[in-house]
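Working notes for the structure below.
Only a predicted model underlies this, so the values are computations on that prediction, with no experimental measurement involved. The chains referred to below are lettered A, B, ... by the order of the sequence lines, with proteins before strands, and numbering in each begins at 1.
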Number of protein chains: 2
Amino acid sequence: MPLTRLRPIEHLSQVDKIELRLQEYFRNEEFNPGDPLPKEMEIAKALGVSRTAVREAISRFKMLGIIESRRNRGMVIRRPDVLRNMQRVMDPRLLDGDTMKDIFEMRLVVELGLAHILFRRKTPEFIEKLESIARTEDGTTDRIDLLKLDVDFHSALYQMSGNETIIRFQRMLMPIFDFVDSVILQKPRINQPLNIATHWDLIEELKGGTPTGFMHKMESHLWYFFEKI
Amino acid sequence: MPLTRLRPIEHLSQVDKIELRLQEYFRNEEFNPGDPLPKEMEIAKALGVSRTAVREAISRFKMLGIIESRRNRGMVIRRPDVLRNMQRVMDPRLLDGDTMKDIFEMRLVVELGLAHILFRRKTPEFIEKLESIARTEDGTTDRIDLLKLDVDFHSALYQMSGNETIIRFQRMLMPIFDFVDSVILQKPRINQPLNIATHWDLIEELKGGTPTGFMHKMESHLWYFFEKI
DNA sequence: TTTTTATATATGTCGTACATATGTCATAAT
DNA sequence: ATTATGACATATGTACGACATATATAAAAA
């Protein structure tokens, strides 16, 4: 019997329904940050539910950062932090393998696409920072330390982009990177091409080369991960 | 007087504190999806607070999708949807201009970095889809329609990446794109270079060219936006 | 006018009661 | 022995009332 096509009745709790109503209310009323909201009791009355249920629903929006409330002043719409909510659930234990692979791949995509921005925003100070890291690498043999320095190098690149969202995006994804790294390291090594680009190559290109050349080198540099995925 | 450096005491409500406690509890106990949580009353007792307050805090985690609860069965840890929470606050009215600019720039970065993935995942069917859109464009003069088709073309590229997270990421950002587009269109036009790459050029490169070549063309194609930002 | 005091008000917290769904288990029907 | 039926326990869901607490506003005192 094809009972699979029989989707179960959506069993929403009162609070769930209130949440939905509020969501559409916020959209339709075109609230802007700073705008005051009706009082809890007014909302409860208007919806015909208890204040308790309304507060539970409101509490959810506080989690998203859309609502802020102060004693006696009432509640107001807030400017939410886009990445904060994503960050909260960015836990390798909670996500499935496919999603993490997708996220990791997205990191590679971003890093490759960063080239242009970097050439626009590069400064002697940033270059010096990169060279400093690369020099430290040259004097390091411990594998764990090298892995850490590698993260530092790439973090510095993100930093150079000057794009706060991208920077935070990378920082947010760190737990995933660590996880995927550890998984990848367990796989058998594959034969790398000999002409793989180093951090020094990237710096060189950044100093006197072109965005396209940089992308090419970055592609070579990240090739290892691309192959593994 | 430099009183600006004197940060106010963090005045967290009871529920806020409970939220924090639960968050660290979840991390430390290493919960996995499906794991059962203690009962509301047990949590309330353990924290020395009322069940009401616990429920308000729990409700917040339900918003994130980390917790699910059913009557008499108790509460369990859920696998959250990483992008859902970001999606919920992706409202041009709620975000500030700088953040939106950053997000828009990130879109450009992703689109540029996509080249490699596309060359790995391209199929005749996807190419045909792109050509179909480009053909429709050739027979269209209305500006609004063309803008829509442009979105379609780029959406198809994302689709071709096969990366669900990236695809959803792009879809999620649509409201922002629309907003930034409308802002950009109001600015005075700047003189475009004559050799700007068209959609046909991109298709051509995708069919018989190289990832690097594609990136180059894409860069040229998106040049307009890069200049504006 | 300035300062102090009182008061109203909206959110924050708590306890209790009851509703509702669901798992458990004993009992009755087949 | 197996299957239905029904009683009961249990955990979440909803509601209400009470009081605490902070804060804006108005009234009173300096």
Side-chain angles (χ1 to χ4, degrees), chain A residues 3 6-23 25-26 29 31 33-80, chain B residues 6-23 25-26 29 31 33-78 80:
Chain A
L3 272 176
L6 218 132
R7 283 216 312 128
I9 307 289
E10 296 252 354
H11 189 288
L12 294 174
S13 75
Q14 186 94 285
V15 177
D16 289 335
K17 289 184 222 157
I18 297 173
E19 179 196 317
L20 290 175
R21 284 294 176 86
L22 288 177
Q23 182 106 45
Y25 175 67
F26 296 154
E29 294 293 316
F31 281 107
D35 289 351
L37 263 63
K39 298 154 210 159
E40 293 176 349
M41 269 313 290
E42 287 176 5
I43 296 175
K45 277 267 176 77
L47 294 175
V49 296
S50 71
R51 192 179 150 220
T52 315
V54 171
R55 277 184 63 83
E56 277 191 31
I58 294 280
S59 191
R60 297 186 179 179
F61 289 102
K62 287 180 182 166
M63 190 65 146
L64 290 189
I66 294 182
I67 290 182
E68 185 185 0
S69 65
R70 291 196 195 159
R71 278 188 143 91
N72 193 36
R73 297 225 272 165
M75 302 181 286
V76 293
I77 294 290
R78 251 184 58 172
R79 193 187 298 291
Chain B
L6 214 120
R7 285 215 311 128
I9 307 289
E10 295 250 354
H11 191 288
L12 294 174
S13 75
Q14 186 95 285
V15 177
D16 290 335
K17 290 184 222 160
I18 297 173
E19 179 197 316
L20 289 175
R21 285 293 177 87
L22 289 177
Q23 182 105 45
Y25 175 67
F26 296 154
E29 294 293 315
F31 281 109
D35 289 350
L37 261 63
K39 297 153 210 162
E40 293 176 346
M41 269 314 289
E42 288 175 3
I43 296 176
K45 276 267 176 81
L47 294 175
V49 296
S50 72
R51 192 179 151 224
T52 314
V54 171
R55 277 185 62 82
E56 276 191 32
I58 294 280
S59 191
R60 296 186 181 180
F61 289 101
K62 287 181 183 166
M63 189 65 147
L64 289 189
I66 294 182
I67 290 182
E68 186 184 0
S69 66
R70 292 199 194 157
R71 277 188 143 90
N72 193 35
R73 298 226 272 164
M75 302 181 286
V76 294
I77 294 290
R78 252 184 56 171

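With rounding to whole Å, B:Arg55 atom CZ is found 17 Å from C:dT16 atom P. Going from atom NZ of A:Lys62 over to atom P of C:dT11 covers 9 Å, rounded to whole Å. Between A:Leu37 atom CG and C:dT11 atom C1' the separation is 13 Å, expressed in whole Å. A:Ile43 places its CD1 atom 12 Å from the P atom of C:dA10, with the value rounded to the nearest Å. Atom CG in A:Leu12 sits roughly 16 Å away from atom C1' in C:dA21 (whole-Å rounding). Following rounding to the nearest Å, A:Asp16 (CG) and D:dT12 (P) show an atom-to-atom distance of 15 Å. The CD atom of B:Glu40 sits 12 Å away from the C1' atom of D:dT14 (whole-angstrom rounding). Look at NZ on A:Lys45: it is 14 Å from C1' on C:dA10, rounded to the nearest Å.
Scanning all heavy atoms of the two residues, the minimum distance from B:Arg78 to B:Gly65 falls at CB-O, 3.3 Å. Across every non-hydrogen atom of A:Glu19 and A:Ala57, the tightest pair is N-CB, 4.1 Å.
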All N/O contacts under 3.5 Å from nucleotides 18-23 of chain D to the protein, with atom names and distances to one decimal?
from: D:dT21; atom 1: O4'; to: A:Arg71; atom 2: NH2; distance (Å): 3.4
from: D:dT21; atom 1: O2; to: A:Arg71; atom 2: NE; distance (Å): 3.0
from: D:dT23; atom 1: O2; to: A:Asn72; atom 2: ND2; distance (Å): 2.6

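The shortest side-chain heavy-atom distance between A:Lys62 and B:Met63 does not fall under the 4.5 Å cut-off. Using a 4.5 Å heavy-atom threshold, the side chains of A:Ile66 and A:Phe31 count as separate. A 4.5 Å side-chain heavy-atom check between B:Met75 and B:Ile43 finds at least one atom pair inside the cut-off.
Close to D:dG13, at under 4.0 Å from its OP1 or OP2, lies a side-chain N or O of B:Ser69. Contact check, B:Gln14 against C:dC14: a side-chain N or O comes under 4.0 Å of OP1 or OP2.
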Quiz item: Could you go step by step and tell me if A:Leu12 and A:Leu20 meet the side-chain contact (heavy atoms from CB on, under 4.5 Å) rule?
Solution: CA-CA 10 Å; A:Leu12 294 174; A:Leu20 290 175; 3.7 Å; yes

Exercise. I would like to know whether A:Arg60 and A:Asp16 meet side-chain contact (heavy atoms from CB on, under 4.5 Å); could you show each step before the answer?
Key: CA-CA 10 Å; A:Arg60 297 186 179 179; A:Asp16 289 335; 2.8 Å; yes

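In this structure, B:Thr52 reaches the bases: a heavy-atom distance under 4.0 Å links it to at least one base atom across the strands shown. Using a 4.0 Å heavy-atom distance criterion, B:Met41 is classed as making no nucleic acid contact.
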